[in-house]
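Input: a single structure, listed below in structure tokens.
This one's a predicted model, so the numbers in the text were calculated from it and none came from an experiment. Side-chain atoms are counted along with the backbone in the values below, which use heavy atoms only and exclude waters and symmetry mates.
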Amino acid sequence: MGRRDAPAFAATIDADVVAENRWAPNVRGDFIRAVESGALATTYAICERRTGAIVGAISLTSADKGEADLGLWIGVDNRGRGYASDALTALVRLMRNAEYTSVTASTAETNSVMQSVLRHAGFVEKVRYEHQFPNGEVVPAIKFDHQLDVAERL
């Protein structure tokens with residue numbers, strides 16, 4: 001994403017997305033400024049199929065050696081249309097050509113939709129844990145893992 005994408009990207013980070021992630025109010029602005037400056041090199045726009053309008057974002061962050069951590073959100077108005085599944089499937093396919101051996105993703109135990117999306121894309125439950133949000137709130141969460149074996153990466 002680049003500078004011209006910032007307004008559309010900003011629209012996907014509405015009050016519901018901020019609340020779901022327990023972000024401080026300034027985080028939305030930080031994300032927008034990062035898109036404008038090109039600082040989010042591993043964050044990709046998820047676009048509407050016909051128009052190309054940005055409906056969400058998917059990101060990767062290097063974690064442990066050989067492991068990438070996945071972030072994903074879809075703007076509230078575009079949920080339930082298959083965008084998360086399509087984006088996750090495409091990203092895992094792209095990662096087969098990368099240096100990573102696995103991709104992890106976490107979601108709240110109450111987020112059955114995201115759990116289903118992750119399982120459909122080949123992720124398996126790794127561990128249940130207590131996730132602490134930046135605001136200090138703690139919720140039960142599940143960490144999922146998708147192994148990218150050597151055969152997949154060739």
Notebook entry, point to check: Does the side chain to side chain donor-acceptor pair (under 3.5 Å) test come out yes or no for Thr104 and Asp145, once each step is laid out?
Noted result: CA-CA 4 Å; Thr104 63; Asp145 181 68; 5.8 Å; no

Val17 vs Thr12, side-chain contact (heavy atoms from CB on, under 4.5 Å): CA-CA, chis, key distance, verdict: CA-CA 8 Å; Val17 170; Thr12 71; over 6 Å; no

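For the pair Gln132 and Glu137, the minimum side-chain heavy-atom distance is 4.5 Å or more. Contact annotation: the side chain of Val124 never approaches that of Arg119 to less than 4.5 Å [non-hydrogen atoms, C-beta and beyond]. Contact check for Leu88 versus Leu70: side-chain heavy atoms found under the 4.5 Å cut-off. Side-chain atoms of Leu148 and Thr101, non-hydrogen and from C-beta on, never get closer than 4.5 Å to each other. Side-chain contact between Leu72 and Met114 is present, with at least one heavy-atom pair separated by less than 4.5 Å.
The hydrophobic cluster around Val127 extends to Tyr129, counting ILVMFWY residues whose side-chain heavy atoms fall within less than 4.5 Å of a member.
Counting only distance, with no hydrogens or angles, the side chain of Arg79 and the backbone of Ile74 share a donor-acceptor pair below 3.5 Å. For His146 (side chain) and Gly122 (main-chain N/O), a donor-acceptor pair under 3.5 Å exists by modelled atom type. Between the side chain of Gln115 and the backbone N or O of Thr107 there is no donor-acceptor pair closer than 3.5 Å. For the pair Thr89 (side chain) and Ser85 (backbone), a donor-acceptor distance under 3.5 Å is present.
To the nearest 0.5 Å, atoms OG (Ser106) and NZ (Lys143) are separated by 6.0 Å. Here Phe9 contributes atom CZ and Arg4 contributes atom CZ; the two are 14.5 Å apart, rounded to the nearest 0.5 Å. Rounded to the nearest 0.5 Å, atoms CD (Glu67) and OH (Tyr100) are 10.5 Å apart.
Taking the six-membered ring where tryptophan is involved, the planes of Trp23 and Trp73 are perpendicular, since the angle between them exceeds 60° and thus also 30°.
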Would you list the atom pairs, donor with acceptor, under 3.5 Å between side chains in residues 50-61 and any protein atom, with sequence neighbours excluded?
{"unit_1": "Thr51", "atom_1": "OG1", "unit_2": "Glu48", "atom_2": "OE1", "d": "3.0"}
{"unit_1": "Thr51", "atom_1": "OG1", "unit_2": "Ala53", "atom_2": "N", "d": "3.2"}

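Nearest heavy-atom pair, Glu125 versus Ile142, reported as atom, atom and distance to 0.1 Å: CG-CG2, 3.4 Å. The nearest pair of heavy atoms linking Ala10 to Ile32 is CB-CD1, 3.3 Å. For the pair Tyr83 and Arg49, the tightest heavy-atom approach, listed with the atom from each and the gap, is CE2-NH1, 3.4 Å.
Residues passing the side-chain hydrogen bond (donor to acceptor under 3.5 Å, both in side chains) test with Glu130: none are found, sequence neighbours excluded.
Checked by atom type, the side-chain pair Glu109/Asn111 shows no donor-acceptor distance below 3.5 Å.
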